[in-house]
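What follows is one structure encoded as structure tokens, with my remarks underneath.
Quick caveat: nothing in here was measured; it's all calculated off a predicted structure. When a ligand or atom number is given, it counts from 1 through the structure's own listing order.
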Amino acid sequence: MDLKTSVDSLFMVGPAHAKKLQKLNIQTLEDLLYHFPFRYQDYSLISPIFKIQPGEVVTISGELSSIKNEYLRSGRKIQKAQVIDRSGRIEIVWFNQPFLVKTLKVGEKYSFSGKVDWFGRKKVMISPEYELVFNGKTIHTGRLAPVYPETRGLSSKWLRSYLNKLIEQLLPIDDFLPSKIKKENDLIDFSSALKQIHFPENLKQVDQARKRFAFEELFLLHLKVSQRKKVLEKSKLAFQFFINQEEILKFTQNLPFEMTLSQKKVCREILDDLDKKRPMNRLLQGDVGSGKTVVAALAIYVAWLSGAQSILMAPTEILANQHYQTLKQLLEPLGVKINLLTASHKIKNEDADLLVGTHALIYHQAKFRKLGLVIIDEQHRFGVEQRGKLIKKALGGKTPHTLTMTATPIPRTIALTLYGDLDLSVIDQMPAGRKKIKTWVVPPQKRMDAYEWIKKKVKETDEQCFIICPFIEPSETLPTIKAAKAEYEQLSQKVFPDLKMGLLHGKMKSREKEKVIEEFRAGDLDILVSTPVVEVGIDIPQATIMVIEESQRFGLSQLHQLRGRVGRGNKESFCLLFSEITSGKAFERIKALERIDIGFKLAELDLKMRGPGEVYGTSQHGFFDLKVASFGDLPLIEQTQKAAENFFPSLEKYPLLKAKIKEDTIENIEVN
Ligand code: ADP
Ligand code: MG
């Protein structure tokens, strides 16, 4: 069976289950097989009934001799059953699961795993897992039972039963890893690894399986990097640029400020690339506010001078709008025609010299006729595939120059694994005259004082304030979380009744979002309550106060990005970090923002305090989510990189592996 088979065409998976699987990001058979347990419940201690002791977690197996519902005085139902084996008998109790009386059949042999405890004066088993013993084989009880990431209506029990059947039916599956690689790196084969990760006989088997999957995960990533490098080296340049120093001077002279030395240095690196006969593939890294946009503008200007078109993609509509405005100011006086393309702002023709937009650019049907330069802002928010798709918008399968930009400093391990194909430029200097943003962590007892201070400040000046809350709606699982909507209502009614307030969150229609941002930009609102949608790139100079609720929930880099929304003009700016915690490691972590205002240092500290898994390992932060391997594991990253580099030249001889690499690399690009 093809591993790419969609789950909804698998046996016993109806539309309802397929939908639930999708919630867990499982679309294909392969995704399902790679939905690994995150832990194992140890039910491997099997014991005769007479031996079991209160406090133990054990497995017994025996015949069910009775089962019935009993009503407690509270009105609750409990279920009581008797189980007998050769050594004795025991009572089992469940709470509020009346259906069990029908599910479990008297006279059948079952296996039960769970905790033994006192119930009154009796030794009983409380709410154990149960399973009919069939052929002496068990999957939920009497062993290490896998526990999976679940979603409502899709339990570990379902996943276990299903995967058990699936694996039995499919195995053996051809292994795409060559035996040479497995031998050299001491890895088990794919089929054994699958079996061992889902249904291990012991923890050693889990380790062996995880080792194999971690290796394959990184090995494939490295091979993909090598593949992208090779494709790029061979690809045909879409547009040969001409670098005309005199014309470039016109651009820099037209700027309202002088570029910093650091900006000038990266501009030179980019101009050198643009002068070459092969496509640029460069990552521009620079702290929040270091001035990456103007560097991008210069590249766009050079493209225009050469007769080529540029596109710039940003992760949010708000940011795309803002870039559109900024670049219009910088470039239109020089003659560059600019257009905006987002989901809510469609265009009639794609002939502008510069198209600024969101993902909508990727899905726009037309090819771009003269595309010579692709710029991606906040690139870690986009996947490699999206980058590839955008590059393919050039006509005739040729490759434009690409510049990707990020404010996030990227640790070496991630750079090696994910961005090994990119050249790096760094802006490591801020424009002169920037004032440090005064930052305080505000404990709960100072909250009211802080509100008074904000009220006064906002009333007396024309300055404005952001209040950031982690989510839109109050969270079910985290009851204390400040949700933007509720907070907005609370604040505007009780705390700031005489101030003008606005609300902004990601679920609003883009028209509404734009309206609120424009009101705030125009100074018609004093306070903007928002989810972190404003995190990336927004530039409103009169906003001088940034309040962040539940600040301990954010990463330091993200807090630094949020803080970077103020302090953009020449006025003194402030950042208040509200926090429910007032001591401990998590508190020390956010306290660091009071002292440190360099994004790179904060990222380093965050890495040290929380580890790369926490900081970069979740898709929430935009970085690629490793499933098994970890960005903290430098030795494995280096080992797999070396293996991939050595192996890459012979990739052609291994069709199974080659197919894996091809899946999401840039295809169909015309090669010299
Ligand atoms: P980021 O690198 O975070 O994208 P921006 O490009 O948005 O930063 O720049 C932040 C602000 O700094 C903008 O208002 C921009 O006009 C201004 N700026 C950029 N470069 C300089 C400079 N060399 N001197 C003074 N201001 C600058
Ligand atoms: Mg920016």
Side-chain angles (χ1 to χ4, degrees), residues 248-249 251-270 282-301 312-333 354 356-358 375-382 403-410 424-437 464 466 517 521 532-544 546 557-571 573 575 597-600 602-603 622:
I248 288 171
L249 268 182
F251 173 84
T252 46
Q253 279 160 359
N254 197 45
L255 288 177
F257 45 73
E258 166 145 20
M259 282 206 216
T260 61
L261 285 177
S262 205
Q263 282 170 315
K264 286 180 186 162
K265 181 194 70 190
V266 303
C267 282
R268 261 194 304 276
E269 287 165 356
I270 290 168
R282 189 166 281 278
L283 175 63
L284 173 60
Q285 187 192 308
D287 205 349
V288 195
S290 62
K292 295 183 289 295
T293 317
V294 59
V295 174
L298 174 65
I300 294 164
Y301 179 65
L312 185 154
M313 179 165 76
T316 65
E317 234 170 272
I318 296 173
L319 193 54
N321 270 319
Q322 184 183 289
H323 277 317
Y324 174 61
Q325 304 294 345
T326 313
L327 291 166
K328 242 168 123 153
Q329 274 173 17
L330 286 173
L331 295 171
E332 247 179 19
L354 167 63
V356 178
T358 54
I375 299 179
I376 300 172
D377 195 16
E378 306 296 344
Q379 64 82 29
H380 64 277
R381 301 256 164 166
F382 298 102
L403 177 66
T404 49
M405 309 197 289
T406 182
T408 313
I410 297 162
L424 182 67
S425 287
V426 182
I427 305 182
D428 51 11
Q429 179 182 28
M430 289 303 235
R434 284 281 160 79
K435 289 206 177 105
K436 194 167 168 164
I437 300 162
Q464 294 163 291
F466 287 105
I517 297 249
R521 207 187 282 282
V533 291
V534 302
E535 177 199 350
V536 284
I538 234 184
D539 194 25
I540 297 179
Q542 324 86 278
T544 58
M546 169 61 67
S557 292
Q558 208 186 354
L559 289 171
H560 179 65
Q561 284 254 6
L562 284 166
R563 174 167 66 177
R565 297 312 108 217
V566 299
R568 310 212 127 219
N570 40 21
K571 297 194 192 94
S573 294
C575 175
D597 64 345
I598 297 169
F600 170 68
L602 285 167

Just which atoms of ligand 1 are under 4.0 Å from any heavy atom in [X]?
X: T260; result: 23 (N)
X: E258; result: 22 (C), 23 (N), 24 (N)
X: V288; result: 3 (O)
X: Q263; result: 19 (C), 20 (N), 22 (C), 23 (N)

- Query: Would you say the side-chain atoms of T404 pair up with the backbone N or O of I375, donor to acceptor, closer than 3.5 Å?
  - Reply: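 No.
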- Task: Kindly say whether F466 contributes a backbone atom to a donor-acceptor pair with the side chain of R565 at under 3.5 angstrom?
- Result: no
- Query: Can you name the residues that form a side-chain hydrogen bond (donor to acceptor under 3.5 Å, both in side chains) with D428, not counting sequence neighbours?
  - Reply: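 Residues passing side-chain hydrogen bond (donor to acceptor under 3.5 Å, both in side chains) with D428: S262.
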- Message: Using the side-chain hydrogen bond (donor to acceptor under 3.5 Å, both in side chains) criterion, which residues pair with S573? Sequence neighbours excluded.
- Response: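 Partners of S573 by the side-chain hydrogen bond (donor to acceptor under 3.5 Å, both in side chains) criterion come out as none, since no residue qualifies.
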- Query: Hey, is CD on E258 packed in by over 12 heavy atoms from elsewhere, all under 6.0 Å?
  - Reply: no
- Out of I540, T293, L319, indicate the one that has the non-hydrogen atom closest to atom 7 (O) of ligand 1.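 Minimum heavy-atom distance to atom 7 (O) of ligand 1 goes to T293.
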- Task: Before signing off on this row, confirm whether G291 and ligand 1 have an N or O atom pair separated by under 3.5 Å.
- Result: yes
Give a yes/no verdict on whether any heavy atom in [X] is under 4.0 Å from an atom of ligand 1.
X: G289; value: yes
X: D287; value: yes
X: S290; value: yes
X: M405; value: no
X: R434; value: yes

- Task: Evaluate the criterion side-chain contact (heavy atoms from CB on, under 4.5 Å) for residue pair L330 and L255; output intermediate values, then yes/no.
- Result: CA-CA 7 Å; L330 286 173; L255 288 177; 3.5 Å; yes
- Task: In sequence, state the C-alpha distance, the side-chain angles, and the governing distance for Y324 and L312, and then conclude on side-chain contact (heavy atoms from CB on, under 4.5 Å).
- Result: CA-CA 9 Å; Y324 174 61; L312 185 154; over 6 Å; no
- Task: Begin with the C-alpha distance, continue with both residues' side-chain angles, and end with the deciding distance and a verdict on side-chain contact (heavy atoms from CB on, under 4.5 Å) for Q429 and K265.
- Result: CA-CA 11 Å; Q429 179 182 28; K265 181 194 70 190; over 6 Å; no
- Message: If we set the cut-off at 4.0 Å for heavy atoms, which region of M259 has an atom near ligand 1: side chain, backbone, both, or neither?
- Response: backbone
